[in-house]
Amino acid sequence: MSLVEVSDAFRLPEGSEVKIRGWVAAKSEVGGIIFLTLRDGTGYIQVAGKRGIVSEEVFKNLKGVTRESAVEVEGVIREDKRAPKGREVSIKGLEIIALADKWPITKSAVRSPSFLYDYRHLSIRGVKSSAVIKIRWGIIRAAVEFFTQRGYWLISSPITVQSACEGGATLFELDYFGKKAYLSQSAQFYEEAAICALGKVFVIQPAFRAERSKTAKHLTEFWMIEAEKAFMDQEENMKLQEDLITYICRRVAEVNKGELEVLGRKFTPPEPPFTRMTYDDVLRFASERGMEFKWGEDIPTPVETLLSKSQSKPFFITDYPLSARSFYHMTKPDNDKVTLSADLIAPEGHGEIATGGQRIHDYETLLKRIESQDLPKEGFSWYLELRRYGMPPHSGFGVGVERLTKWIAGLKHIRAASLFPRTPTRVNP
Ligand code: 4AD
Ligand code: MG
């Protein structure tokens, strides 16, 4: 009798005697037979025991076991057309390892989506929640594969920082032994330092934004895949993002086929090249639909959403005005009001999934930019100093992991892409 996982039980020959540990996802009784659905993270399998066939003690345990109890089952693998996926384990032994109280998440108890998030520590056991988390891991794993194949080095940057990468408005401030510090909004500045040591680097780590807006695509804590490369211009940077997203989508469609099915998501990996349009094209698109906004402002969310709904694969919006961008962006050689940057927008209304651009690498230009925007020089001193010690032209980007998960998994709200989401109104559980 060997200890196996649920997924093994679908591979082993019929008649194999196995021991499986897991949780009781469901329980029912039909004609003296008790059926349990056992879950262990690798899958689900039906196990069954009949009064008179199993020992009195085993039947007593079967009777007494509650939903979500942790158990160890001993039994024989049988083919059975009536069982989900055609197999079940007929029980010979059942040990209750940890008996669960009455499960609080019932259809009648769930009155709002927020109820499920109040109980997120328990509700994550559902088949759909697990499928999303497995897709998220599929995305991260594919990104690691992609960058490994291309010889990028993974670095980790500090989370407690003093320089605001993406502006003061969304900083979480903390008291660092009497000094002001912030939670990192992006690893970008540290990547920029690291490329002069390592050439090309990437990170996969958390980012924080004190974003009050309650939308379906904002978290206050999320994960970002960021990459930065020396001697890379914005053109090459967009190509890199296109390659990365294409690779991730193909891998996830293949590796997470089962999870996408569980979610009822028909996902077709996009074929490159991705369409490009300029900020000015978007301005025209908006005004033709009576959704005008001023040149220089950020693209309003309803415009981005409408545009995103009109597309069937990701697309770039290029040539953003400097006034809508962070200070470090390089401007076009022939126009100092327009940056060498782009957003990558997911289709079907999901919206922005990545932002990238070419950075100012020249000392004087960056100093002037910092001064012209009245930014605190102290916080940026080391970032500026990098420009005095051999900083070549360079570019990079950041992709939001949960945004990408939301699109690929076809989720309505970004919080479903996070195991324990953080939003303006939720820091617990
Ligand atoms: O567009 P953002 O702010 O760009 C940066 O932080 C750059 N410094 C990245 C870089 O060039 N290294 O953020 C990058 C991505 C967004 O496109 C979005 O996918 C995600 O991070 N993101 C969020 N995801 C969830 N909730 C939020 N509040 C997010 N803010 C940004
Ligand atoms: Mg952005």
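Atoms within a ligand are numbered from 1 in the order they appear, just like the ligands themselves.
Between the side chains of E385 and Y363, not a single donor N or O lies within less than 3.5 Å of an accepting N or O. Side chains of Q358 and Y328: a donor-acceptor N/O pair is absent below 3.5 angstrom, by distance only. Remark: the R325 side chain and the S341 side chain contain an N/O donor-acceptor pair separated by less than 3.5 Å.
Only backbone heavy atoms of A354 (N, CA, C or O) come within less than 4.0 Å of ligand 1; its side chain stays farther off. Heavy atoms of T355 found under 4.0 angstrom from ligand 1 belong to the backbone as well as the side chain. The backbone of F397, and not its side chain, has at least one atom closer than 4.0 Å to an atom of ligand 1 (non-hydrogen atoms only; backbone = N, CA, C, O). By the criterion of a heavy-atom distance under 4.0 Å, the side chain of C165, and not its backbone, is placed next to ligand 1.
Between F316 and F274, the ring-plane angle classifies as tilted under the 30° and 60° cut-offs. Taking the six-membered ring for Trp and thresholds of 30 and 60 degrees, F115 and Y119 have ring planes inclined between 30 and 60 degrees apart. A tilted orientation is assigned to the rings of F327 and F380, their planes being inclined by 30° to 60°.
Proximity to K217 (heavy-atom distance under 4.0 Å) selects the following atoms of ligand 1: 25 (C), 26 (N). Interface atoms of ligand 1 facing I414, defined by a heavy-atom separation under 4.0 Å, are 25 (C). Proximity to E211 (heavy-atom distance under 4.0 Å) selects the following atoms of ligand 1: 28 (N). In summary, the atoms of ligand 1 found under 4.0 Å from a heavy atom of Y328, numbered by their order in the structure, are 7 (C), 8 (N). Those atoms of ligand 1 with a heavy atom of G400 less than 4.0 angstrom away are 15 (C), 19 (O), 20 (C), 21 (O). Heavy-atom contacts of Q188 reach the following atoms of ligand 1: 7 (C), 8 (N), 10 (C), 11 (O), 12 (N) (cutoff under 4.0 Å).
With respect to atom 12 (N) of ligand 1, the closest heavy atom belonging to the protein is E226 OE1, 2.7 Å. Protein heavy atom nearest atom 31 (C) of ligand 1, with residue, atom name and distance: F222 CZ, 3.4 Å. Shortest contact from atom 6 (O) of ligand 1 to any protein heavy atom: R209 NH2, 2.9 Å. Atom 17 (O) of ligand 1 has its closest protein heavy atom at E352 OE2, 2.5 Å. Scanning the protein heavy atoms around atom 26 (N) of ligand 1, the nearest turns out to be L219 N, 2.9 Å. Given atom 18 (C) of ligand 1, the protein heavy atom at minimum distance is R403 NH1, 3.5 Å. Nearest protein heavy-atom contact of atom 19 (O) of ligand 1 is I353 O, 2.8 Å. The protein non-hydrogen atom at the shortest distance from atom 7 (C) of ligand 1 is E166 OE2, 3.3 Å.
One option in R359, E191, H218 has a heavy atom closer to atom 11 (O) of ligand 1 than any other, and that option is R359. By heavy-atom distance, the residue among G398, S418, S184 lying nearest atom 15 (C) of ligand 1 is G398.
Backbone and side-chain nitrogen or oxygen atoms of G356 are examined, and none is located within less than 3.5 angstrom of a nitrogen or oxygen of ligand 1.
Not a single heavy atom of L404 sits less than 4.0 Å from an atom of ligand 1. For F202, the heavy-atom gap to ligand 1 stays at 4.0 angstrom or more. Heavy-atom separations between E221 and ligand 1 are all 4.0 Å or longer. At a 4.0 Å cut-off, not a single heavy atom of E228 sits close enough to ligand 1 to count as contact.
Salt-bridge formation is not detected for the pair K217/E402: no Lys NZ or Arg NE/NH1/NH2 atom is positioned less than 4.0 Å from an Asp or Glu carboxylate oxygen. Under a 4.0 Å N-O distance rule, the pair R136/E259 does not qualify as a salt bridge. Under 4.0 Å is where a charged nitrogen must lie from a carboxylate oxygen, and between E68 and R125 at least one such pair does. With salt bridges taken as basic N to acidic carboxylate O contacts below 4.0 Å, one links R387 and E192.
Checked against the 6.0 Å centroid threshold, Y152 and F146 do not count as a close aromatic pair. Ring-centre distance between F147 and W153: not below the 6.0 Å cut-off. Ring to ring, W382 and Y190 are close: their centroids are under 6.0 angstrom apart.
With a 4.5 Å cut-off on side-chain heavy atoms, D243 and K239 count as touching.
Nearest to the Mg ion (ligand 2), among the N, O or S atoms that E352 has, is OE2.
Contact between K313 and P270 at its shortest, heavy atoms only, is CB-CB, 3.7 Å.
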